[in-house]
Amino acid sequence: MKSLQLTFLIEFILGVVVFVCFFAKAESMSFVKIKTAFVALCILLLIQFAAYSIRAHEAGFMTITRDNILTILMMVLIVPFFEEVFYRGCLLGFLKPLGSDIVFPIMATSVLFSLMHMQYNSLTDHFILFFISVILCLVRIMTKSLLLPYTLHMLMNLFAFAICIQSFY
């Protein structure tokens, strides 16, 4: 458990350094960006709810305790930040100039994002992750922001934990 938390901390520090050095200057907010992010959030939450509903019998419930609260916070705050900086920031940004359109960079980024989540065994889970990544890539491209995909990713993870919570201790 401690090594997992240390890994998350290192990912977060690395993500902050990369974000500040390469992406922070381009961040700005507007109504159009927020509207785009809101529509994407609704779609992502529907996907999460549908996925949970389909396999609720497999998911089980969790209890939040003092022992797992730090891990849950890291999965909601730190992991999405690192993944957005790496996948939608660095990888998508690297692949965009390689193609004449945005289809290849979005597909390649989404395939790698899906495959990176090795904790999932089913093809359905990987397809869901792929589709979620496509949406996050589109938000990144449409808004030219990493903060909005990060916020969406964070809220999506929070929602996924929230629907599995049985009780608090």
Side-chain angles (χ1 to χ4, degrees), residues 8 11-12 14-16 18-56 59 62 72-120 122-165:
F8 291 153
E11 285 179 351
F12 180 71
L14 183 62
V16 167
V18 170
F19 179 78
V20 168
C21 291
F22 297 103
F23 302 109
K25 291 175 235 136
E27 295 295 326
S28 67
M29 292 294 166
S30 71
F31 178 72
V32 173
K33 288 181 181 183
I34 293 171
K35 182 179 170 186
T36 301
F38 179 75
V39 169
L41 176 63
C42 291
I43 293 168
L44 291 171
L45 294 182
L46 281 172
I47 291 168
Q48 286 288 343
F49 186 73
Y52 174 78
S53 298
I54 289 169
R55 53 173 204 263
M62 66 181 293
I72 291 169
L73 286 173
M74 289 180 163
M75 296 300 289
V76 170
L77 299 173
I78 294 175
V79 171
F81 178 77
F82 176 75
E83 288 181 352
E84 291 311 311
V85 168
F86 180 75
Y87 289 98
R88 261 61 70 186
C90 297
L91 185 59
L92 184 64
F94 173 77
L95 294 174
K96 261 180 27 177
L98 298 179
S100 60
D101 59 10
I102 62 169
V103 174
F104 170 73
I106 289 174
M107 294 301 146
T109 299
S110 297
V111 165
L112 291 172
F113 178 78
S114 174
L115 292 176
M116 182 274 308
H117 288 84
M118 291 183 275
Q119 70 268 32
Y120 298 106
S122 85
L123 191 57
T124 304
D125 289 333
H126 285 283
F127 179 74
I128 290 168
L129 287 165
F130 173 83
F131 191 66
I132 286 170
S133 179
V134 167
I135 293 170
L136 292 171
C137 286
L138 289 171
V139 170
R140 165 71 170 123
I141 290 169
M142 291 170 65
T143 64
K144 297 178 178 63
S145 171
L146 273 178
L147 292 178
L148 290 174
Y150 163 65
T151 302
L152 295 174
H153 195 153
M154 180 184 67
L155 291 171
M156 183 188 64
N157 283 6
L158 179 63
F159 182 76
F161 277 110
I163 59 178
C164 293
I165 294 172

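Computed from a predicted model, the values in this text were never measured in an experiment.
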Among Ile102, Ile106, Ile132, Leu91, the one residue meeting side-chain contact (heavy atoms from CB on, under 4.5 Å) with Cys137
Ile106
Arg88 and Ser133: which non-hydrogen atoms are nearest, and at how many Å?
NH1-OG, 2.7 Å
Hey, could you give me the CG/CD1 distance between Leu77 and Ile72, rounded to the nearest 0.5 Å?
11.5 Å
Leu152 side, atom CG; Ile135 side, atom CD1 - distance, nearest 0.5 Å
9.5 Å
For His153 versus Leu136, what's the shortest heavy-atom pair and its separation?
ND1-CD1, 4.0 Å
ring-ring contact (aromatic ring centres under 6.0 Å, His included) with Tyr87: which residues, sequence neighbours excluded?
Phe113
What I'd like to find out is whether the side chain of Leu148 reaches to under 4.5 Å of the side chain of Thr36, using heavy atoms alone.
no
Heavy atoms of Phe81 and Val16 approach each other most closely as CE2-N, 3.3 Å
Step by step, would you call Tyr150 with Val85 a side chain to side chain contact (heavy atoms under 4.5 Å, CB included)?
CA-CA 8 Å; Tyr150 163 65; Val85 168; over 6 Å; no
Counting only heavy atoms not in Phe159, do more than 12 fall under 6.0 Å of its CZ?
yes
On a heavy-atom basis, which atom in Gly93 and which in Pro97 lie closest, and how many Å separate them?
O-CD, 3.2 Å
If every non-hydrogen atom of Met154 is compared with every non-hydrogen atom of Val76, which pair is closest and at what distance?
CG-O, 2.9 Å
Kindly compute the distance separating CE (Met74) from CG (Asn157), expressed to the nearest 0.5 Å.
14.5 Å
For atom CE of Met142, is the number of surrounding heavy atoms from other residues, nucleotides or ligands below 6.0 Å larger than 12?
no
Sequence-distant partners of Leu98, side chain to side chain contact (heavy atoms under 4.5 Å, CB included), two or more places apart:
Phe94, Leu95
Carefully, step by step, assess Phe19 and Leu147 under the rule side chain to side chain contact (heavy atoms under 4.5 Å, CB included).
CA-CA 10 Å; Phe19 179 78; Leu147 292 178; 3.8 Å; yes
Minimum heavy-atom separation for Leu92 and Arg140, please, with both atom names.
CD2-CG, 3.9 Å
The reported gap from CZ in Phe127 to OG in Ser122 (rounded to nearest 0.5 angstrom) is 12.0 Å
